[in-house]
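In what follows, a single structure is set out as structure tokens and then discussed.
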Amino acid sequence: MIHNPILPGFNPDPCICRNGSDYYIVVSSFEWFPGLPVYHSRDLKNWELYTHILTDDTEVDLKKLPSSKGIWAPCLTYNEKEDTFYIVYGVMNSMNARYFDINNYIMSAKSITGPWSRPVYLHSSGFDASLFTDDDGKKYIVSLEWETREGYEKPGAICLAEYDDKKKEMTGYPKRIWTGGTDRGCIEAPHLYKKNGRYYIMCAEGGTGYNHCVATGRAESVWGPYERDPENPIVTSVPGESNERHNPDHLKPVYYNPSSILQKSGHGSLVETPAGEAYLAHLCSRPFVPELCCTLGRETAIQKMMWTDDGWLRMADGSNLAKTEVPEPDLPEAPVQLLPEHDDFDSGTIALQYYAPRQMPSRFADTHARPGYIRLRGEESLSSLNKVSLLARKLTSLHAQVTTKLEFVPDVYQQSAGLTLYYDNMNYVFLRKYYSETLGQSALSIILLENGTKTEFVNTRTPVKDGPLYLKLTVDGRESYFSWSSDGAAFAQIGRKFATAHFSDEYSRYGEFTGTMTGIVCVDSVFHKKYADFDFFEYKDEEQD
């Protein structure tokens, strides 16, 4: 059996495709670099982080973008006739006044690992753009046309326009083709498919919250008209009908379904095995209850599907409720190498699992300056929207231990380094070593930023020597806390316990759509050159032990 979620933690908006016996899923990355993580599998059950598509932070500039903006809802396709991968993605620049200012781009490559072509601008009509290539080779871009006018249904309609691959431009204005397969409203995330001569449109509806779902329609022409699947939605966490077209709110917590482990199920994309078995990848969440806060963000799950005799797509078990246990396909078992728990930085490279907000980690992280360590050059505070020296990985479990060994000698109070639990620049908790003028020496203390309100826990100020320090973060369900040690054996808790649920989409007032990260930090607010050395970074998923 396949156990969902197949990609736990911050892995939203999955798009799945196949090239021969290889399956790939790409997910949204928002303000984080490297961008557009790609996961690989040969059996649809075991998945590994494989590569990233966006690695040039000058070509795709995310600096100074608010949290949860940046790279949205990619579409990854493989064109067998051309032996070419295509990626379509949007850069959300602003959601001010509900205008949703986005630029959509397309890139191509012969290999999933690149090199990828330079981004080609498509349009800015709306988000969740995706590519469909017809049998005759014509290419189309389907997307949500974001509605800004008063008196019109929000967020808008699904639109289609042809893309000229030779001229590298759209051939005309997008044309509206679809307003939804249900009355849940908030239609988005369109994908087009073709099967047995018919065109199928698949969309997310209900908002990317608790009324989320996958719905479909079909037509004889790519331009429509599309008829609704009479049994929509085909995948959801909350079966039944609801009329929410008047409600533009995406979250809709009133639709939380206590009988389902997976919540927010929707935003799906389809793949078929060579034998014709159909599977649908979709996003989901697992909230704290009753808080309904999803610290791990929106995750990726997969459901086994089937085609009916009359040409509609259904879940293979006959229901439409997303499941945690799913029958696996008739494919050979293909185990993958999991991400290592312990990284001692001996390889001389920055491993795949590390991310930084708005810039590539290589801008501030150096694995060669001191062999066996990673050296972080301090930059701006964790609250900055510009250049932050945070090397982070995704939190994938609500029961985890994160440990690092730090060597750092601060000169002034503006210099600090340590360990953080980080949702975004307005919500984090930071155990730091810094220079305390009060004590006249180095010290440890904790800073909490909660929806932009900063609390420095002066009562946690602890004098420490300028030798190696071990710092630990324990995520224990609803509670998270720090501890430290001078020898790596005897750890002492420092500070109070923090509510893990507060690091979530729902609790954040300034960000949304992402997930919680944990990582190592260096700050130098004076010259941006003071560095900290970290001997190792260890992330242990306590649920797997």
Quiz item: After noting the C-alpha distance and the side-chain angles of Arg370 and Tyr531, does the key distance pass the side chain to side chain contact (heavy atoms under 4.5 Å, CB included) rule?
Solution: CA-CA 11 Å; Arg370 185 181 178 187; Tyr531 61 82; over 6 Å; no

Self-check item: Under 3.5 Å donor-acceptor, Thr403 side chain and Lys472 backbone
Solution: no

Quiz item: Quick one: does Ser108's side chain have a donor or acceptor within less than 3.5 Å of a partner on Trp116's backbone?
Solution: no

Exercise. Could you tell me whether the side chain of Pro357 reaches within less than 4.5 Å of the side chain of Asn425, counting heavy atoms only?
Key: no

Quiz item: So among Tyr355, Tyr422, Tyr354, which one has a ring pair (Phe, Tyr, Trp, His ring centres under 6.0 Å) with Trp32?
Solution: Tyr422

Quiz item: Would a distance-only check, ignoring hydrogens and angles, find a side-chain to backbone donor-acceptor pair under 3.5 Å from Ser480 to Val475?
Solution: no

Quiz item: Just by modelled atom types, is the Asn46 backbone N or O under 3.5 Å from a matching donor or acceptor in the Ser41 side chain?
Solution: yes

Quiz item: Stepwise, does the side chain to side chain contact (heavy atoms under 4.5 Å, CB included) test hold for Ile447 with Arg432?
Solution: CA-CA 8 Å; Ile447 287 179; Arg432 62 185 186 133; 3.5 Å; yes

Quiz item: Got a donor-acceptor contact below 3.5 angstrom from the Asn11 side chain to the Pro8 backbone?
Solution: yes

Quiz item: Ion pair present between Glu379 and Arg363, side-chain N to carboxylate O less than 4.0 angstrom?
Solution: no

Quiz item: How many angstroms lie between CG in Leu385 and CD in Glu31, if you round to the nearest 0.5 Å?
Solution: 9.0 Å

Quiz item: Does OH belonging to Tyr210 count more than 12 external heavy atoms closer than 6.0 Å?
Solution: yes

Quiz prompt | Side chains of Pro340 and Gln353 in contact at under 4.5 Å (non-hydrogen atoms) | solution = yes

Quiz item: Salt bridge between Glu380 and Arg358, side-chain N to carboxylate O under 4.0 Å?
Solution: no

Quiz prompt | Arg393 charged N/C atom sitting above Phe537 aromatic ring, 6.0 Å / 45° | solution = no

Exercise. Over 60° means perpendicular and under 30° means parallel, so classify the ring planes of Phe100 and Trp146, tilted if in between.
Key: parallel

Quiz item: Measuring from Thr300:OG1 to Ile16:CD1, what's the distance to the nearest 0.5 Å?
Solution: 9.5 Å

Quiz item: Are Thr113 and Tyr50 close enough that a side-chain donor and a side-chain acceptor fall under 3.5 Å?
Solution: no

Quiz item: At what distance, to the nearest 0.5 angstrom, does OG of Ser28 lie from CG of Asp13?
Solution: 3.5 Å

Quiz item: Do other residues, nucleotides or ligands put more than 12 heavy atoms under 6.0 Å from Leu439 CG?
Solution: yes

Quiz item: Do the side chains of Tyr539 and Leu339 get nearer than 4.5 Å, heavy atoms only?
Solution: no

Self-check item: Closest heavy-atom pair and its distance - Thr55, Pro34
Solution: CG2-CB, 4.2 Å

Quiz prompt | Derivation of the side chain to side chain contact (heavy atoms under 4.5 Å, CB included) call for Gln263 and Leu292 | solution = CA-CA 10 Å; Gln263 298 292 319; Leu292 297 188; over 6 Å; no

Exercise. Measure from the side-chain N and O atoms of Ser29 to the backbone N and O of Leu36, and report whether any donor-acceptor pair falls under 3.5 Å.
Key: yes

Quiz prompt | Pair Lys497 + Glu479, salt bridge at N-O below 4.0 Å | solution = yes

Quiz item: Are side-chain N/O atoms of Ser21 and Arg42 paired as donor and acceptor at under 3.5 Å?
Solution: yes

Quiz item: Quick check: does any side chain N or O of Ser389 sit under 3.5 Å from a backbone N or O of Arg377, one acting as donor and the other as acceptor?
Solution: yes

Self-check item: Charged N-O contact under 4.0 Å between Glu299 and Lys394
Solution: no

Exercise. Taking Ser67 for its side chain and Asp424 for its backbone only, find out whether a donor-acceptor pair lies under 3.5 Å.
Key: no

Practice problem: Determine, stepwise, if the pair Glu538 / Thr404 fulfils side chain to side chain contact (heavy atoms under 4.5 Å, CB included). | Solution: CA-CA 6 Å; Glu538 184 176 85; Thr404 190; over 6 Å; no

Quiz item: For Lys63, does the NZ atom sit with more than 12 other heavy atoms under 6.0 Å from it, leaving out its own atoms?
Solution: yes

Exercise. Using the side-chain contact (heavy atoms from CB on, under 4.5 Å) rule, pick out the option among Ile112, Ile25, Asp22 that qualifies with His40.
Key: Asp22

Exercise. Search all heavy atoms of Ser383 against all heavy atoms of Tyr428 and return the closest pair with its distance.
Key: OG-OH, 2.8 Å

Self-check item: Rounded distance [0.5 Å steps], CG in Leu49 versus NE2 in His52
Solution: 4.5 Å

Quiz item: With a 4.0 Å cut-off, would you call Asp535 and Lys405 a salt bridge?
Solution: yes

Practice problem: Could you tell me if the ring centre of Tyr24 sits under 6.0 Å from that of Tyr78? | Solution: no

Quiz item: Any idea which heavy atoms bring Arg18 and Tyr23 closest together, and the distance?
Solution: CD-CE2, 3.3 Å

Practice problem: State, yes or no, whether a side-chain contact exists between Phe503 and Val429 at a heavy-atom distance under 4.5 Å. | Solution: yes

Exercise. May I ask you to test the Pro463-Ser442 pair for a side-chain heavy-atom distance under 4.5 Å?
Key: no

Quiz item: Can you check whether His212 reaches Ser285 side chain to side chain, under 4.5 Å on heavy atoms?
Solution: no

Quiz item: Roughly how far, to the nearest 0.5 Å, is the SG atom of Cys293 from the CZ atom of Arg478?
Solution: 10.0 Å

Exercise. Taking atom OH of Tyr121 as the centre, report whether more than 12 heavy atoms of other residues, nucleotides or ligands fall under 6.0 Å from it.
Key: yes

Quiz prompt | Lys454 NZ: over 12 foreign heavy atoms closer than 6.0 Å | solution = no

Quiz item: Which distance, rounded to the nearest 0.5 Å, do you find between the CZ of Phe408 and the CD of Gln415?
Solution: 5.5 Å

Quiz item: Do any pairs count as a ring pair (Phe, Tyr, Trp, His ring centres under 6.0 Å) and have a residue in residues 430-482, sequence neighbours left out, and if so which ones?
Solution: Phe457-Phe498

Exercise. Let me see the working for Asp505 and Tyr423 under side-chain hydrogen bond (donor to acceptor under 3.5 Å, both in side chains), right down to the final yes or no.
Key: CA-CA 8 Å; Asp505 295 8; Tyr423 175 77; 2.9 Å; yes

Quiz prompt | Any side-chain heavy-atom pair of His250 and Pro155 under 4.5 Å | solution = no

Quiz item: Under 6.0 Å from the CD atom of Glu333, do we count more than 12 heavy atoms belonging to anything else shown?
Solution: yes

Quiz item: At their closest point, which heavy atom of Asn93 faces which heavy atom of Leu65, and how far apart are they?
Solution: O-CD2, 3.7 Å

Quiz item: Tell me, do Met107 and Tyr89 make a side-chain contact under 4.5 Å, heavy atoms counted?
Solution: yes

Practice problem: Give a yes or no answer on whether the side chain of Thr460 reaches the backbone of Ile446 with a donor-acceptor pair at less than 3.5 Å. | Solution: yes

Quiz item: Any side-chain donor paired with an acceptor under 3.5 Å for Asn103 and Ser124?
Solution: yes

Quiz prompt | Ser416 side chain to Val523 backbone, donor-acceptor under 3.5 Å | solution = no

Quiz item: Where do Ala109 and Gly114 come nearest, in terms of heavy atoms and distance?
Solution: CB-CA, 4.2 Å

Self-check item: Nearest heavy atoms of Leu395 and Ala400, plus distance in Å
Solution: CD1-CB, 4.3 Å

